[in-house]
Amino acid sequence: MSIRVYELAKELGCSSKEMVQKLNDLHVNVKGHMSAIGEETAEIVRHELLGKKEPEKKKQKSKKKAEEKNEARLKPLNLKVPVRVKDFAQKINKSVPEVIKKLITLKVMAAVNQTIDEETTRLLAQTFGFALEKELTKEETLLIKHKPSSDTKGMLTRSPVVTLMGHVDHGKTSLLDVLRESNITGKEAGGITQHIGAYEVKLPKGNVTFLDTPGHQAFTAMRSRGATITDIVIIVVAADDGLMPQTNEAINHAKAAGVPMIVAINKMDLPGADIDKVKRQLADVGLTSEDWGGSTITVEVSAKKKTGIKKLLEMILLEAEMLELKADPNWLAKGVIIESKLSRGSGPTATMLVQSGTLQLGDIFVCGLTHGKIKSLVNDQGVRLEKAGPSMPVEISGISDVPMAGDEFYVVEDEKKARDLSVGKNESLRQEKLMPAQRFILEDLFDRALEGKTQELKIIIKSDVQGSLEALSTSLEELGTKDISVNVIHSQVGGISESDVMLAIASDAVIIGFHVGIDNKAKEIAKKKGVDIRLYRIIYEVINDVRLSMEGLLEPTIRETFLARAKVLEVFKIGKLGKICGCMIVKGKFVRNAELVRLYRNDECLYEGKLESLKRYKDDVKEVGEGLECGIGLNKFDSMASDDIIECFKVEKIVRKL
Ligand code: GDP
């Protein structure tokens with residue numbers, strides 16, 4: 001049994017803020033009014049605040065009474081949140097000043113036209129005797145329509161959707177081409193093979209849909225937008241090369257998505273093919289092949305000699321059978337966009353994968369921020385269709401604008417609804433942009449666990465050497481308790497890349513960089529999406545931070561704000577001053593009193609510390625702007641070289657908000 005801080009505050013007649021203070025005085029670490037505390041702690045607080053403990057029986061009774069009273073008193077209030085103060089007042093039939101006054105008692109200052117968030121609305125509603133019930137958004141209502149309840153009557157088996165992933169040059173594209181040729185129908189009458197982002201292979205025992213964009217980046221990018229459309233991942237490994245960094249990355253991405261894998265060991269025609277080595281490496285990453293006593297299906301193939309292809313397809317169908325993939329074709333179609341473009345003749349076109357229902361010519365739909373009416377349906381053979389059922393990829397036209405890959409697609413009843421929905425979506429997107437992204441961050445771990453939201457801390461580790469990866473993974477996973485397990489979902493040598501950030505978004509993970517830097521694209525996305533990336537240089541500090549976060553004791557966040565980036569053009573030795581780099585400021589304004597400076601060489605961080613000097617010609621200067629040259633000296637560090645990147649940051653301590 002646990003109770004929220006605000007509930008206890010209300011029960012004892014004090015403000016949530018006072019309650020948080022009281023709890024902190026009692027060394028109970030709570031973050032805010034929504035934090036949950038145990039019944040025993042609550043009892044201690046009651047005792048402290050009321051001055052005496054109620055006898056056990058009476059306590060039980062009064063608690064029950066309070067609960068009953070609460071339930072009887074609170075009327076349900078159906079509202080869409082966030083809500084404007086004005087609209088809230090209107091909804092509950094109170095005057096605006098009355099509502100504002102109540103808000104002030106909740107320590108929230110809001111004007112008549114300002115919006116209040118869900119938590120505040122909930123509290124506010126309670127003070128007026130209402131229990132907030134969130135109104136479903138239009139999309140949510142629609143979604144319900146597209147989700148045939150537990151009724152499985154209309155469900156039919158659908159074909160699997162497969163993605164090929166693996167290291168570059170291991171043969172993904174070649175294999176996709178060969179697999180495509182195994183279509184029994186050959187080229188359909190009048191059709192010309194078209195690359196529409198996905199294709200279907202028809203086999204005597206069933207069909208398979210292959211996504212034509214190989215690689216885990218596309219897979220995870222889709223997933224980070226909430227769309228997991230792949231049922232089975234084929235990991236392609238070249239038999240002569242074995243598992244390479246991107247193979248491992250692909251495996252981790254598939255694992256994180258919980259998608260089953262089949263391993264295609266390609267290039268078996270090469271004399272250097274070493275099947276035992278590959279299977280040993282697979283076993284090392286937890287994919288022990290069946291003939292080695294494991295459960296991973298491995299198939300030896302050669303895209304060049306076209307051997308093993310039939311077996312691979314058979315294994316895909318077998319795996320699909322075990323997955324019991326089903327969809328109801330008698331429903332309004334729902335799907336996901338996998339590719340889109342603007343073509344001169346037919347305007348915006350997109351390839352969508354139908355996931356359930358049947359898509360028909362003339363259907364009216366909403367898709368991401370766009371909408372439209374299906375003008376044409378063309379399959380991967382260039383054949384015009386009248387309709388397309390589950391697991392079929394089709395190119396569609398008749399869209400108002402170009403949608404994005406990963407956008408969800410819904411057929412709706414009429415055009416007005418389609419327009420309303422896309423307008424609504426545009427509006428919520430605008431709202432979303434105004435609000436800063438808030439993802440899972442390490443400081444939140446404890447509170448989320450208390451609220452029952454997190455039982456698992458997922459971590460991605462990037463490091464400069466293999467040794468520290470292993471040491472870190474083991475030590476971190478050992479920190480797991482019965483309440484919160486620690487799971488390193490991906491660890492790899494190298495700088496933090498876009499792909500890592502996408503994986504973090506898709507899996508709600510925290511990224512830990514050890515002696516490595518972050519590439520610019522990754523930094524940009526992480527900032528935009530609020531991904532928690534932490535850079536460390538000492539193992540103990542990593543472990544300590546994670547441990548503290550699990551105990552809810554993590555100290556205030558140190559926020560680094562990027563100020564400027566300089567590129568080293570030349571390095572000079574200047575007498576006893578040591579070395580100075582002649583630099584060009586490529587971005588931002590470099591400032592003399594920046595709290596933190598880092599030097600990177602190929603994404604690897606070689607220096608972290610203070611700025612020693614900043615000069616324009618011979619003069620010390622306070623700042624140097626973009627496009628200008630300057631001299632930069634670092635504290636007790638002189639192994640800089642041309643093309644190194646030096647960045648400076650502002651460092652602030654962000655105190656945890658109550
Ligand atoms: P991807 O980067 O994984 O898409 O790999 P590609 O399909 O582009 O193949 C990379 C190279 O390997 C190309 O030169 C292919 O011709 C070659 N290749 C692909 N499959 C085989 C195979 O089974 N045997 C041999 N010998 N070469 C192959």
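Ligands are counted one by one from 1 in listed order, and the atoms in each one are counted from 1 as well. For the numbers below, each heavy atom of this structure counts, side chains included, while hydrogens, waters and symmetry mates do not. Model, not experiment: these values are computed from the prediction.
Nearest to atom 20 (N) of ligand 1 among the protein's heavy atoms is Asn266 ND2, 3.1 Å. With respect to atom 3 (O) of ligand 1, the closest heavy atom belonging to the protein is Lys172 N, 2.8 Å. From the protein, the heavy atom lying nearest to atom 2 (O) of ligand 1 is Asp169 N, 2.7 Å. For atom 24 (N) of ligand 1, the closest heavy atom belonging to the protein is Asp269 OD1, 2.7 Å. Closest protein heavy atom to atom 4 (O) of ligand 1: Thr173 OG1, 2.4 Å.
Ligand 1 places these atoms under 4.0 Å from at least one heavy atom of Val168: 2 (O). Per-residue contacts place His170 under 4.0 angstrom from the following atoms of ligand 1 (heavy atoms of the residue considered): 3 (O), 5 (O). Atoms of ligand 1 lying under 4.0 Å from at least one heavy atom of Ala303, given by number and element, are 20 (N), 22 (C), 23 (O). Each of the atoms 26 (N) of ligand 1 lies under 4.0 Å from some heavy atom of Leu270.
Side-chain contact annotation: Ser174 with Asp177, donor-acceptor N/O pair under 3.5 Å absent.
Of the options Arg598, Lys587, Lys567, Lys523, a salt bridge (Lys or Arg N to Asp or Glu O under 4.0 Å) to Glu647 is made by Lys523 and by none of the others. A side-chain hydrogen bond (donor to acceptor under 3.5 Å, both in side chains) with His216 is found for one member of His253, Arg223, Glu249 and no other, namely Glu249. Screening Thr296, Thr288, Leu287 for a side chain to side chain contact (heavy atoms under 4.5 Å, CB included) with Leu282, the sole residue that qualifies is Leu287.
The backbone N or O of Pro245 sits nowhere less than 3.5 Å from a side-chain atom of Asn248 that would complete a donor-acceptor pair. Within the 3.5 Å criterion, the main-chain N or O of Thr370 finds no donor-acceptor partner in the side chain of Asp401.
The shortest N or O to N or O distance between Gly171 and ligand 1 is below 3.5 Å. Taking only nitrogen or oxygen atoms, main chain and side chain alike, Met268 does not reach within less than 3.5 Å of ligand 1. At least one N or O atom of Ser302 sits closer than 3.5 Å to an N or O atom of ligand 1.
When all heavy atoms of Val531 and Ala509 are compared, the pair lying nearest together is CG1-O, 4.5 Å.
Taking the six-membered ring for Trp, Tyr536 and Phe514 have ring centres at least 6.0 Å apart.
The closest heavy-atom contact to atom 11 (C) of ligand 1, among the options Met165, His167, Lys267, comes from Lys267. Of the candidates Ser174, Gly166, Ala239, Ser174 brings a heavy atom nearest to atom 19 (C) of ligand 1.
Ring pair Phe210/Tyr199 is tilted by interplanar angle, where 30° to 60° counts as tilted.
For atom 13 (C) of ligand 1, the nearest protein heavy atom is 4.0 Å or more away.
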Open item on the list: Walk me through whether Lys279 and Asp291 qualify under salt bridge (Lys or Arg N to Asp or Glu O under 4.0 Å).
Closed with: CA-CA 9 Å; Lys279 288 191 176 167; Asp291 52 338; 2.6 Å; yes
